[in-house]
There are 2 protein chains.
Amino acid sequence: MPRSGEAARRRLKEAALELFLENGFDQTPVEAIAARAGVTERTFYRHFADKREMFFDGEGELRDVLVQAITEAPPGTKPLPALRAAFHASVPLFERNRPLTEPGARLIAATPALQERALAKRALLVEALTQALQARQVDPRVASLLAQVAMDTCAAATHRWMLDASLSLHEHIDHAFRELRLAAAALK
Amino acid sequence: MPRSGEAARRRLKEAALELFLENGFDQTPVEAIAARAGVTERTFYRHFADKREMFFDGEGELRDVLVQAITEAPPGTKPLPALRAAFHASVPLFERNRPLTEPGARLIAATPALQERALAKRALLVEALTQALQARQVDPRVASLLAQVAMDTCAAATHRWMLDASLSLHEHIDHAFRELRLAAAALK
DNA sequence: TTAGAACTGTCAGTGCCTGACGCTACATTC
DNA sequence: GAATGTAGCGTCAGGCACTGACAGTTCTAA
C-alpha cells in the first residue's frame, strides 16, 4: 500500500519523538520506530540518512535565512554586525519552532550521540556563513573565525533564552554580542 | 601471550594509524586493526571506548595545561587575556605532537565521523575552560561564551599554522586574537 | 605455594546500516 | 485503454560496531 511517502515520513518523526521521550534515544531501536509508524526498518532509512538525522530537519531553512541575510546586508556593513543582523533575521524561525524544539533540546542535551551531531550541524552552518562572508570580500580566514564566533554567540543567546524566556531572543542576542564586544576590548 | 597491556595499546594505535592512512577510516574494520596488532577485536575495545576514540588521547593533557594556566593567571586578569595566555601556554604541547598530529588532522578532515568526535572533544575542553573561569568569579554565562569564542580563535590559529608554518603558533594565536578584537570593536 | 590482579581469548548476541531484487500503486503517454 | 515509467515500499542477506559473560593465562605479592 504505497501511499503518499510524505505521510510515512511524518509518522516516522512522530513515532520516533514519542519513543525517544519514553525510553530514551539509545534504548529505542530503529525497528521499534518503524513498527509504530507502520513501516519497515528499511523504509526508515529511505527517509532518513541515519537514526540521528531525524532531529535536524529544519537546518536547511535556517541556513538559507542566515545566508540570505548576510548577502542582503547593506554594502559596507562590517562582518560581525552583518552576522548579528542575520541571527536577528532568523529569530522568527526559532520562535515558530520553539514548542517543537524545546523537548528535542532536552533530549539532545541528554544524549551524547545527538550532541555530536548537533555540533556537526552547527559546523555546517558556520561553513555556509563563512562562504556568504567571503562573497562580501571578507578575507577567508577572517570570515571563518568570525562566523564561528558569531555562531557561538548566537548559540549562547538561544541557550539563555531556553532558560529565561522573560527576555526576547532578540534581547538575548544583543546582550551576548555586547558581552563579546566588552570582553574583546580588554584584549591588548 | 598476555604481555604488558600498555604495549598492546601502543601497537593498536600504530596499526590503526597505518591502516587508516592506507585504506581510510571507514574502510578499515576494527578486526583488521586488532589482527595487525596481534590481538583480538575484543581486546581493542578493552583499550579504547570505540573506534573513533583512538585519535583523541592527548586531550586530557591539553585540558590540564589549559585549566592550570587559567587558574594560575595573575589576579585581575580579564577573561579573554587569560584564555589567550592559556593557549600560549599550551603551544609546546602542540609543537611536540605536531608530527603525530598532522597526518591525523588530514584524516579527521576527510572523515565526517571523526570530525564529529573532534567537535565533541572541543566541547569538553570548552566546558573545562568555562569552569576554570567560573572559579575566577567570572559570571557563568559570560564564562561559557568567552571560553567558546577563545577556543574557536585558537582553533583558527592552529588551522592556519598547519597551512602556513612560516609563522610560529604563538604568532598565529596573537594574530587571530587581534582580528577578534578589531572585529568586535565594530559592533554597536 | 597460593591468592589475587591484570590482561586476554572465545562465544553469543544486539543493533545500525546497506545493497539487491521484486512488487504495487500512481501518473504519463500514445 | 494499454504501455510505460516512476516512486515508494517489503523482503532478504550481510557487514560492521559494540557489549556481556565466562574462562584461561601471566605476573605479582603475601
Side-chain angles (χ1 to χ4, degrees), chain A residues 1-57 107-108 110-118 120-121, chain B residues 1-57 107-108 110-118 120-121:
Chain A
M1 62 200 89
R3 272 284 173 64
S4 97
E6 194 55 38
R9 185 187 180 87
R10 190 172 34 77
R11 285 203 312 274
L12 279 169
K13 278 167 71 169
E14 292 172 2
L17 190 56
E18 291 171 17
L19 288 171
F20 289 161
L21 291 176
E22 286 176 20
N23 311 326
F25 179 83
D26 292 319
Q27 280 67 45
T28 54
V30 173
E31 189 184 355
I33 302 171
R36 179 171 292 204
V39 295
T40 315
E41 188 181 351
R42 192 65 184 88
T43 294
F44 176 95
Y45 288 104
R46 290 200 174 95
H47 285 281
F48 303 99
D50 60 65
K51 193 181 169 188
R52 307 185 194 113
E53 202 64 17
M54 321 188 64
F55 281 85
F56 311 95
D57 248 10
L107 202 53
I108 292 176
T111 311
L114 292 178
Q115 288 184 48
E116 287 196 13
R117 181 58 55 89
K121 291 295 180 182
Chain B
M1 60 198 97
R3 271 284 174 62
S4 97
E6 194 56 37
R9 185 187 180 89
R10 189 171 35 76
R11 284 204 311 275
L12 279 168
K13 279 168 70 170
E14 293 172 3
L17 190 57
E18 291 171 17
L19 288 171
F20 289 161
L21 291 176
E22 287 175 19
N23 311 327
F25 180 82
D26 292 319
Q27 279 66 44
T28 56
V30 172
E31 189 183 356
I33 302 171
R36 179 171 293 205
V39 295
T40 316
E41 186 181 352
R42 191 65 185 87
T43 294
F44 176 96
Y45 288 104
R46 291 199 174 97
H47 285 282
F48 303 99
D50 60 65
K51 192 181 170 189
R52 306 180 190 99
E53 201 66 15
M54 321 189 64
F55 280 85
F56 311 94
D57 248 10
L107 202 52
I108 292 176
T111 312
L114 292 178
Q115 287 184 48
E116 287 196 13
R117 180 57 57 87
K121 291 295 180 182

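Letters A, B, ... mirror the listed sequences (proteins, then strands); counts begin at 1. What you see is a predicted model, and the numbers here were worked out from it, not measured in a lab.
- Across R9(A) and H47(A), no two heavy atoms sit closer than the pair NH1-O, 2.8 Å.
- Heavy atoms of A34(B) sit nowhere under 4.0 angstrom from any nucleic acid atom.
- A32(A) comes within contact range of no nucleotide atom at all, as no heavy-atom separation falls under 4.0 Å.
- Counting any heavy atom pair closer than 4.0 Å across all strands shown, T43(A) reaches sugar-phosphate atoms only and no base atom.
- The nearest whole Å value for the distance from the CD atom in E53(A) to the C1' atom in dC16(C) is 14 Å.
- One interatomic measurement links the two molecules: CG of D26(A) to P of dG15(C), which rounds to 12 Å at whole-angstrom precision.
- The heavy-atom pair separating K51(B) from F25(B) by the smallest distance is NZ-O, 2.9 Å.
- Nearest heavy-atom pair, F55(A) versus L107(A), reported as atom, atom and distance to 0.1 Å: CZ-CD2, 3.5 Å.
- Closest to the E41(A) side chain, of the nucleotides dC17(C), dT10(C), dG10(D), is dC17(C).
- Taking for each of P29(A) and R42(A) the nucleotide of DNA chain C with the nearest heavy atom, the 5'-most of the two is the partner of P29(A).
- When the P atom of dA17(D) is taken as reference, atom CG of L12(B) falls 14 Å away, rounded to whole Å.
- Rounded to a whole Å, the NE2 atom of H47(B) is 15 Å from the P atom of dT19(D).
- Neither OP1 nor OP2 of dT18(C) sits under 4.0 Å from any side-chain N or O of Y45(A).
- Closest contact between the side chain of A8(A) and the listed nucleotides dT18(C), dG9(C), dC9(D) involves dC9(D).
- With hydrogens and angles left out, the side chain of R46(A) and the base of dG10(D) share a donor-acceptor pair within 3.5 Å.
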Report the C-alpha distance between R117(A) and E53(A) in whole Å, list the side-chain angles of each, state the deciding distance to 0.1 Å, and finish with yes or no for side-chain contact (heavy atoms from CB on, under 4.5 Å).
CA-CA 8 Å; R117(A) 181 58 55 89; E53(A) 202 64 17; 2.4 Å; yes
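- The interatomic distance linking R117(B) (CZ) with dA17(D) (C1') rounds to 12 Å, in whole Å.
- Between the CZ atom of F44(B) and the P atom of dC7(C) there is a distance of 17 Å, rounded to whole Å.
- The closest donor-acceptor contact from the side chain of T111(B) to the backbone of I108(B) lies at 3.5 Å or more, if one exists at all.
- The CG-C1' distance, from L114(B) to dA17(D), rounds to 14 Å in whole Å.
- A straight line from CG of N23(B) to C1' of dC16(D) spans 15 Å, rounded to a whole angstrom.
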